[in-house]
Amino acid sequence: MALADIYTELIGEHSRNPENKHHLDHATCSLKGHNPSCGDEITLELQIENGVVKDASFTGVGCAISQASTDIMIDLIRGQKVEKAKELAEKFIGMIKREITDDDELEELDEALALKNVSNMPARVKCAVLAWHTLDDALKQEEEKK
């Protein structure tokens with residue numbers, strides 16, 4: 001099986017069966033993200049304790065790419081320090097914008113690398129980065145509360 005096929009399957013699996021798509025009872029932060037160009041919208045819920053993303057989930061509607069990207073992102077940030085979650089968001093957005101192309105640098109994005117080729121589809125870029133921008137904005141709001 002070719003790598004592109006594996007990536008396509010991974011995106012399909014995360015969009016069809018998103019394990020992180022549910023309401024989070026103990027959320028300390030909630031932020032809605034919306035892509036007006038296509039109608040995708042998510043509400044990202046985070047439980048942040050002692051500077052760590054203890055848990056996260058999302059609700060909302062959207063295309064396979066936005067839903068898969070959100071689900072994969074949550075798997076990646078859960079248990080991470082807030083600073084690391086921000087760094088991962090910046091790295092993912094940089095990958096999609098083709099500002100970061102070094103595979104070694106991108107390796108820590110793990111399953112999110114499956115979305116790398118979205119950068120070749122300009123109309124879908126906003127779908128892929130919706131969750132990551134929402135995460136970045138939510139973490140900034142949390143910082144401002146302090």
Side-chain angles (χ1 to χ4, degrees), residues 1-49 52-103 105-143:
M1 182 178 278
L3 190 58
D5 295 335
I6 292 170
Y7 282 171
T8 300
E9 181 61 32
L10 183 67
I11 292 168
E13 183 60 31
H14 275 280
S15 68
R16 285 188 306 272
N17 302 305
E19 293 179 8
N20 300 305
K21 189 172 185 177
H22 56 84
H23 175 67
L24 189 64
D25 290 331
H26 303 292
T28 58
C29 173
S30 177
L31 188 64
K32 187 174 188 172
H34 182 247
N35 180 355
S37 64
C38 68
D40 290 348
E41 62 180 47
I42 61 161
T43 299
L44 181 63
E45 297 179 317
L46 304 171
Q47 180 183 0
I48 299 174
E49 291 180 10
V52 173
V53 180
K54 186 172 179 186
D55 203 359
S57 70
F58 76 104
T59 55
V61 294
C63 68
I65 290 173
S66 73
Q67 299 293 287
S69 184
T70 308
D71 197 54
I72 291 169
M73 178 194 76
I74 289 172
D75 284 343
L76 197 58
I77 65 165
R78 185 180 287 117
Q80 298 289 346
K81 291 186 177 193
V82 167
E83 294 79 22
K84 183 64 175 181
K86 279 196 233 174
E87 180 185 311
L88 290 167
E90 288 173 19
K91 196 166 282 193
F92 180 85
I93 292 165
M95 174 185 75
I96 296 296
K97 290 182 172 181
R98 297 184 186 167
E99 296 169 351
I100 303 172
T101 56
D102 180 12
D103 287 339
E105 188 177 349
L106 296 171
E107 189 175 315
E108 70 180 327
L109 290 176
D110 197 34
E111 288 188 344
L113 281 170
L115 295 154
K116 184 177 184 180
N117 287 332
V118 170
S119 64
N120 297 324
M121 302 176 276
R124 305 312 298 270
V125 165
K126 288 182 180 179
C127 304
V129 298
L130 174 63
W132 301 83
H133 280 301
T134 305
L135 171 65
D136 194 45
D137 291 344
L139 295 175
K140 285 177 184 169
Q141 281 186 5
E142 282 297 295
E143 276 185 355

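From a predicted model like this one, the values you see are computed outputs, not experimental measurements. For reference, positions follow the sequence shown, starting with 1.
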query: What's the spacing between Lys54 NZ and Gln80 CD if we round to 0.5 Å?
result: 15.5 Å
- prompt: Which heavy-atom pair separates Ala131 from Ile42 by the least distance, and what is that distance?
  reply: CA-CD1, 3.7 Å
message: Are the side chains of His26 and Asp55 in contact, using a 4.5 Å heavy-atom criterion?
response: no
query: Under 3.5 Å, side chain of Lys91 to main-chain N/O of Leu109, donor-acceptor pair present?
result: no
message: Using a 3.5 Å distance criterion without hydrogens, assess whether the side chain of Ser57 forms a donor-acceptor pair with backbone atoms of His22.
response: yes
message: Less than 4.0 angstrom from a charged side-chain N to a carboxylate O is my criterion; do Lys140 and Glu143 meet it?
response: no
message: Do Leu135 and Leu139 make a side-chain contact, defined as non-hydrogen atoms from C-beta onward lying under 4.5 Å apart?
response: yes
Trace of the side-chain contact (heavy atoms from CB on, under 4.5 Å) decision for Val53 with Ile74: CA-CA 10 Å; Val53 180; Ile74 289 172; over 6 Å; no
statement: Nearest heavy-atom contact between Ala112 and Trp132 is CB-CZ2, 4.1 Å
- prompt: Hey, are Lys86 and Asp136 close enough for a salt bridge, meaning a charged N less than 4.0 Å from a carboxylate O?
  reply: no
message: Tell me whether the count of non-hydrogen atoms from other residues, nucleotides or ligands lying under 6.0 Å of NZ in Lys126 goes above 12.
response: no
Side-chain heavy-atom pair Leu113, Met95 within 4.5 angstrom cut-off: yes
Heavy-atom donor-acceptor pair, Ser119 side chain to Arg98 backbone, under 3.5 Å: no
- prompt: Between Arg124 and Asn117, is any side-chain donor less than 3.5 angstrom from a side-chain acceptor?
  reply: no
query: Hey, what do you get for CD (Glu13) to CG (Asn17), rounding to the nearest 0.5 Å?
result: 4.5 Å
- request: Please examine the side chains of Cys38 and Cys63, heavy atoms only from C-beta on, and report whether any two atoms are closer than 4.5 Å.
  value: no
message: To the closest 0.5 Å, what do you measure between CG (Leu130) and CG (Asn35)?
response: 6.0 Å
message: Are Glu142 and Val82 packed together at the side-chain level, in the sense that at least one heavy-atom pair is separated by less than 4.5 angstrom?
response: no
query: Quick one: does Lys116's side chain get under 4.5 Å of Asp103's, heavy atoms only?
result: yes
message: Working to the nearest 0.5 angstrom, can you tell me the gap between Ile11 CD1 and Arg16 CZ?
response: 11.0 Å
task: Could you tell me whether the side chain of Ile65 reaches within less than 4.5 Å of the side chain of Leu115, counting heavy atoms only?
output: yes
Closest heavy-atom pair and its distance - Ile77, Ala56: CD1-CB, 4.4 Å
field: Inter-residue atom distance Ile93.CD1 - His133.NE2, 0.5 Å rounding
entry: 4.0 Å
message: Do the side chains of Glu90 and Lys97 get close enough for a salt bridge, i.e. N-O under 4.0 angstrom?
response: no
statement: Taking every heavy atom of Val118 against every heavy atom of Ala128, the minimum-distance pair comes out as CG1-CB, 3.8 Å
query: Taking atom NE2 of His14 and atom OG1 of Thr70, what is their separation to the nearest 0.5 Å?
result: 11.5 Å
- line: Heavy atoms of Pro18 and Ser15 approach each other most closely as CD-O, 3.6 Å
message: With a 3.5 Å distance limit and no angle check, can you tell me whether Glu45 reaches the backbone of Leu24 through a side-chain donor-acceptor pair?
response: yes
message: Tell me if the CD atom of Glu108 is crowded by more than 12 foreign heavy atoms within 6.0 Å.
response: yes
- request: Tell me yes or no: between the side chains of Gln67 and Asp71, is some donor less than 3.5 Å from an acceptor?
  value: no
message: If you count heavy atoms of other groups shown closer than 6.0 angstrom to CD of Glu107, is the number above 12?
response: no
